[in-house]
Amino acid sequence: MSEIRFVDLGLDSAVLDAVSTVGYETPSPIQAQAIPILLEGHNLLGIAQTGTGKTAAFALPLLSRIDRDVCEPQILVLTPTRELAIQVAEAFSTYARQFRNFQVLPIYGGQDFVPQLKGLKRGAQVIVGTPGRMLDHLRKGSLKLSTLKALVLDEADEMLRMGFIDDIEAILAATPKDCQRALFSATMPPPIRKVAETYLKNAKEVRIESQTRTVERIAQFVLPVFAERKLDALTRVLEVEPFDATIIFVRTKAETTVLAEKLAARGHAVAPLNGDLNQRQREQTVEDLRRGKKDIVVATDVAARGLDVPRITHVINYDVPYDSEAYIHRVGRTGRAGRDGKAILLVTPRERSWLRTLERATNSPMTAYELPSPAELQQMREQQFEAQLLAFAEDGKVAKALALLDGIAERNNLDPGLLAGALACWLESAQPGVMPMEQPQALPTPSTEPRRPRPDGERKPRHGKPGGKNFKKAPFKKSKGKPSAAGAKKFGDKPRAAKP
Ligand code: ADP
Ligand code: MG
């Protein structure tokens, strides 16, 4: 993890304000390295995994350099899918929220041309889109690149796999000679390397390496989960895991407090741990965890640096880390002083490729985490209720309470058992969830199969086949195969007409 702060990087002050509003604590490693290079106007080749913060690594410096008074295309970003185009466009709006007159326009296949043409006519400083549709607009003359100051190829290897290489080259060839260029990719297959050599002259290279280090005595688990079900999944994990103390890692300071509040509302003794707390408050939180006054801490990487509390039995990576360094540091918060520890990583479908990276980095396999079935969960809750009830049965006051209930039963001519039921319902109304009355529902979980090309209406290229040797394999399930022309067809991709 870098000690570098955002304020030291030379970003525009309005951009910096936006970053602090979003709640980013420190730049991720790729951000710390890429931002100064892009701010100086150099070309850049960035090689880093998914989830390392590449969007901000290019959006923040490029936004810092645009001419805000001119509403013509200044930054163009190419992404492999419609979803990513939208995500990146949203990130730009977030980081430019303090700019007056800022316009970002997402452009992708599958969407009607009319709103796109309107948007282009209105003008935008930043255009983000998929290569096929971008090329269409370029050819129609509705998109002009003569004013372009910077071009970014995001997830270049993914665009290659989806067969966009020729479209990308055609777009690159239409950009001004002095246009700054950046290429981001998780891998560097030869065709990407060639594009870089041709179009990114004198590029500075930034590579976020994954270092190998063994993580002894820590059992590593991975739980695939849809982003919107992460909280549900976490709640269940905390319900079934027999933990002493747990540390949960999230990305932002804001998220530490939000998540801590949600867990507190579910009855956990939990506190946030982030860089906004002063030294004394942080020490107090750690002390509370050490002594058992708190059982869960929700932390950012920075705030948990070096944390050493022997009773931490579990590390839960609620958000994936920036890099394997950070992951190794996080899981190292458990398994202290020769004890065993357990680490659980939540991954959303987009973040699947982290599995292999982390397995390689830690030199040990990750096991699929099995959430309990609804029936098992129900049984557990019942057992827990029973155990609590039995614990109270040994209380000295029971005899007195029983006499009271007997009196009530007799006067009303009722079975005393019915009154026990009534009491349990009363308890439930005061403390919902105490009595396991309703069977929990199963959580839908995504598979760990690799991502396929999406049906975003993009056409296939004229030359070359989609799919390649580098298609990601899932670590513990067999991949269903490479995306093929047939596969693309099945998913509704329109093949591009062959050139006469
Ligand atoms: P990549 O493009 O490398 O896959 P993204 O740019 O999509 O990664 O970032 C992944 C997530 O990390 C996003 O939710 C983003 O908001 C968050 N993020 C990026 N930079 C930071 C940072 N410096 N601090 C905290 N969170 C960050
Ligand atoms: Mg990205």
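One-based numbering, in listed order, for ligands and for the atoms of each.
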Output yes when a side-chain donor or acceptor of Gln125 lies under 3.5 Å from a complementary backbone atom of Phe102, and no otherwise. no

Does a donor on one side chain and an acceptor on the other come within less than 3.5 Å for Glu241 and Tyr369? yes

Of all protein heavy atoms, the one nearest atom 6 (O) of ligand 1 is Thr55 OG1, 2.7 Å

Select the closest option to atom 10 (C) of ligand 1 among Lys54, Lys253, Arg251, judged by heavy-atom distance. Arg251

Checking Arg330 side chain against Ala304 main chain: does a donor-acceptor pair fall under 3.5 Å? no

Verdict with supporting geometry, Asp288 and Gln284, side-chain hydrogen bond (donor to acceptor under 3.5 Å, both in side chains): CA-CA 6 Å; Asp288 286 350; Gln284 186 60 54; 3.1 Å; yes

Tell me: protein heavy atom nearest atom 9 (O) of ligand 1, and distance? Gly53 CA, 3.7 Å

Side chain or backbone of Glu351 under 4.0 Å from ligand 1, or both, or neither, by non-hydrogen atoms? neither

Select the closest option to atom 15 (C) of ligand 1 among Trp354, Phe6, Tyr24, judged by heavy-atom distance. Tyr24

Do Thr256 and Asn274 have side-chain N/O donor and acceptor atoms under 3.5 Å apart? yes

Any sub-3.5 Å donor-acceptor pair from Gln31's side-chain atoms to Lys54's backbone N or O? no

So is Thr300 in contact with ligand 1, going by heavy-atom distances below 4.0 Å? no

Hey, which atoms in ligand 1 end up nearer than 4.0 Å to a heavy atom of Thr52? 1 (P), 3 (O), 8 (O)

Go through Glu283 and Arg280 one step at a time and tell me if the salt bridge (charged side-chain N to carboxylate O under 4.0 Å, His left out) criterion holds. CA-CA 5 Å; Glu283 280 166 10; Arg280 214 192 51 74; over 6 Å; no

Aromatic ring pairing Phe92/Phe58, orientation class (parallel under 30°, perpendicular over 60°, tilted between): tilted

Structural part of Ile30 in contact with ligand 1, heavy atom criterion under 4.0 angstrom: neither

Atom 13 (C) of ligand 1 within contact range, any protein heavy atom under 4.0 Å: no

Ligand 1 atoms in contact with Thr26 (distance to a heavy atom under 4.0 Å): 22 (C), 23 (N), 24 (N)

Side chain, backbone, both or neither: Glu155 near ligand 1, heavy atoms under 4.0 Å: neither

Establish, yes or no, whether the cationic atom of Arg133 lies under 6.0 Å from the six-membered ring centre of Phe113 and within 45° of the ring axis. yes

Which residue holds the protein heavy atom closest to atom 1 (P) of ligand 1, what is that atom called, and what is the gap in Å? Gly51 N, 3.3 Å

May I ask you to identify the nearest protein heavy atom to atom 22 (C) of ligand 1, giving residue, atom name and distance to one decimal place in Å? Tyr322 OH, 3.2 Å

Backbone or side-chain N or O of Gln31 under 3.5 Å from ligand 1 N or O: yes

